[in-house]
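In what follows, chains are A, B, ... by sequence order, proteins preceding strands, each numbered from 1. Atoms considered below: every heavy atom in the structure, side chains included; atoms not considered: hydrogens, waters and symmetry mates.
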Protein chains: 2
Amino acid sequence: MLSNSSKYAIKGVLYLALNSSEDHKVMVRDIFEVVHVPEAYLAKLLQELSRHGVISSVRGPKGGFYLSEDDRKHTLMDIVKVIDGEKRVNSCVMGIRDCNMNNPCVLHKLVGANKSKFIDVLENTTILDLIDGKQSVEEFFPL
Amino acid sequence: MLSNSSKYAIKGVLYLALNSSEDHKVMVRDIFEVVHVPEAYLAKLLQELSRHGVISSVRGPKGGFYLSEDDRKHTLMDIVKVIDGEKRVNSCVMGIRDCNMNNPCVLHKLVGANKSKFIDVLENTTILDLIDGKQSVEEFFPL
DNA sequence: CATAAAAAGGATAAGAATGTCTTTTAATCT
DNA sequence: AGATTAAAAGACATTCTTATCCTTTTTATG
């Protein structure tokens with residue numbers, strides 16, 4: 001449903017949401033241990049997100065990744081689309097060709113409702129929504 | 001959420017549910033084209049299911065795979081457990097260590113409800129339930 | 001301008017999932 | 001009994017995801 005990479009990416013963005021701003025950028029080096037994702041791998045993912053405008057980054061000394069106010073309005077789905085591509089999330093649960101809401105296979109009908117719900121959540125939850133009322137990273141990453 | 005292998009396995013079992021019985025066993029050769037799964041790969045999956053008692057099989061001439069009356073009482077989850085293992089389905093959506101219903105991460109709370117629902121469906125839908133009222137394989141495998 | 005800091009990018013390795021092929025075992029039929 | 005048929009088993013190949021490494025580019029600062 002969600003690839004590991006997408007999960008990692010979400011974790012990273014969550015960290016940025018809680019710990020960064022336009023004038024407080026953070027380096028991958030400061031993030032990866034907290035969110036339990038390999039440093040180089042996380043870097044790749046954040047770069048990809050930055051390239052697609054989901055998060056922001058600045059090179060050089062005093063540089064790093066951060067979320068602008070606008071970035072925070074992005075949804076979880078925006079992240080997932082960049083990392084996994086649209087196809088993966090929207091494809092039929094059973095991977096049946098040409099199975100969709102109009103012409104659903106039996107299993108699709110069965111689990112379809114839940115699936116759409118899941119996608120709904122991804123599409124309608126922004127970063128801001130997620131961190132609303134939360135202060136510490138620990139709340140997001142137990143252990 | 002569900003591996004390809006599990007999906008294939010479910011398709012295969014569904015075919016058996018519709019087309020086999022104690023005295024009408026079917027060979028992989030007759031199944032794989034209909035359900036769009038590579039022959040050798042499907043064979044492997046069915047063998048695995050048979051080994052674990054989820055479906056039945058007999059070797060040699062007039063042999064093949066089939067579902068006994070008892071087999072039909074198995075749930076989708078029984079299939080998934082054999083192919084994917086229990087861990088995969090039950091693990092935290094975010095893959096966070098020690099995240100569970102008691103100590104859920106933020107995302108878990110968010111999508112947890114849908115996830116449990118999905119698992120519910122798997123656990124409470126038997127093969128019999130699935131084919132109830134269905135005659136043709138085409139209903140299950142459009143295209 | 002030199003230097004250091006940091007992301008960006010490319011190449012490649014490691015591993016898991018997926019898929020194929022060959023041999024073995026068991027059942028049936030002549 | 002012997003030949004044939006079909007699943008069982010296991011070795012092998014391929015592809016995709018995940019992960020690492022190393023070099024290049026950019027930028028701030030002394």
Can you tell me if B:Y15 and B:S20 form a side-chain donor-acceptor pair at under 3.5 Å? no
I need the [atom1]-[atom2] distance between [X] and [N], as an integer number of Å.
X: A:I83; N: D:dC16; atom1: CD1; atom2: C1'; value: 16 Å
X: A:K25; N: D:dT27; atom1: NZ; atom2: P; value: 12 Å
X: A:H52; N: C:dG9; atom1: NE2; atom2: P; value: 11 Å
X: B:F32; N: D:dA6; atom1: CZ; atom2: P; value: 14 Å
X: B:R51; N: C:dT25; atom1: CZ; atom2: P; value: 16 Å

Other than B:M27, what residues sit in its cluster of Ile, Leu, Val, Met, Phe, Trp and Tyr side chains whose heavy atoms are under 4.5 Å apart, directly or through others? none
If you look at every heavy atom in A:V80 and A:S6, which pair is closest and at what distance? CA-OG, 3.7 Å
Any idea which heavy atoms bring A:A17 and A:I127 closest together, and the distance? CB-CG2, 3.4 Å
Are OP1 or OP2 of [N] and a side-chain N or O of [X] less than 4.0 angstrom apart?
X: B:N4; N: C:dA17; result: no
X: B:Y8; N: C:dG19; result: yes
X: B:S50; N: D:dA8; result: yes
X: B:S57; N: D:dA7; result: no
X: B:S5; N: C:dT18; result: yes

Residues from residues 40-48 of chain A sitting under 4.0 Å of DNA chain D, heavy atoms only? A:A40, A:Y41, A:K44
Filter on salt bridge (charged side-chain N to carboxylate O under 4.0 Å, His left out), then keep only pairs touching residues 36-57 of chain B, sequence neighbours left out; what's left? B:E48-B:R51
Pairs flagged by salt bridge (charged side-chain N to carboxylate O under 4.0 Å, His left out) wherever residues 15-31 of chain A is involved - sequence neighbours left out: none
For A:F32, all residues meeting ring pair (Phe, Tyr, Trp, His ring centres under 6.0 Å), sequence neighbours excluded: none
Side chain to side chain donor-acceptor pair (under 3.5 Å) filter on B:T126, not counting sequence neighbours, yields B:D129
With sequence neighbours excluded, residues passing side chain to side chain donor-acceptor pair (under 3.5 Å) with A:T75: A:D78
Let me have the donor-acceptor pairs involving side chains of residues 54-67 of chain A, under 3.5 Å, with sequence neighbours excluded, atom names and distances please.
| residue | atom | partner | partner atom | Å |
| --- | --- | --- | --- | --- |
| A:S56 | OG | A:D71 | OD2 | 2.5 |
| A:S57 | OG | A:S50 | OG | 2.8 |

The helix from C:dC1-D:dG30 to C:dT30-D:dA1: angle between its terminal axes, five pairs each, to 10°? 0°
Between the protein and nucleotides 4-6 of chain C, are there any N/O to N/O pairs under 3.5 Å, and if so, what are the atom names and distances?
| residue | atom | partner | partner atom | Å |
| --- | --- | --- | --- | --- |
| C:dA6 | O4' | A:G60 | O | 3.2 |

CA sep, side-chain torsions, deciding dist, call: A:L46, A:I31, side chain to side chain contact (heavy atoms under 4.5 Å, CB included): CA-CA 11 Å; A:L46 292 183; A:I31 311 176; 4.0 Å; yes
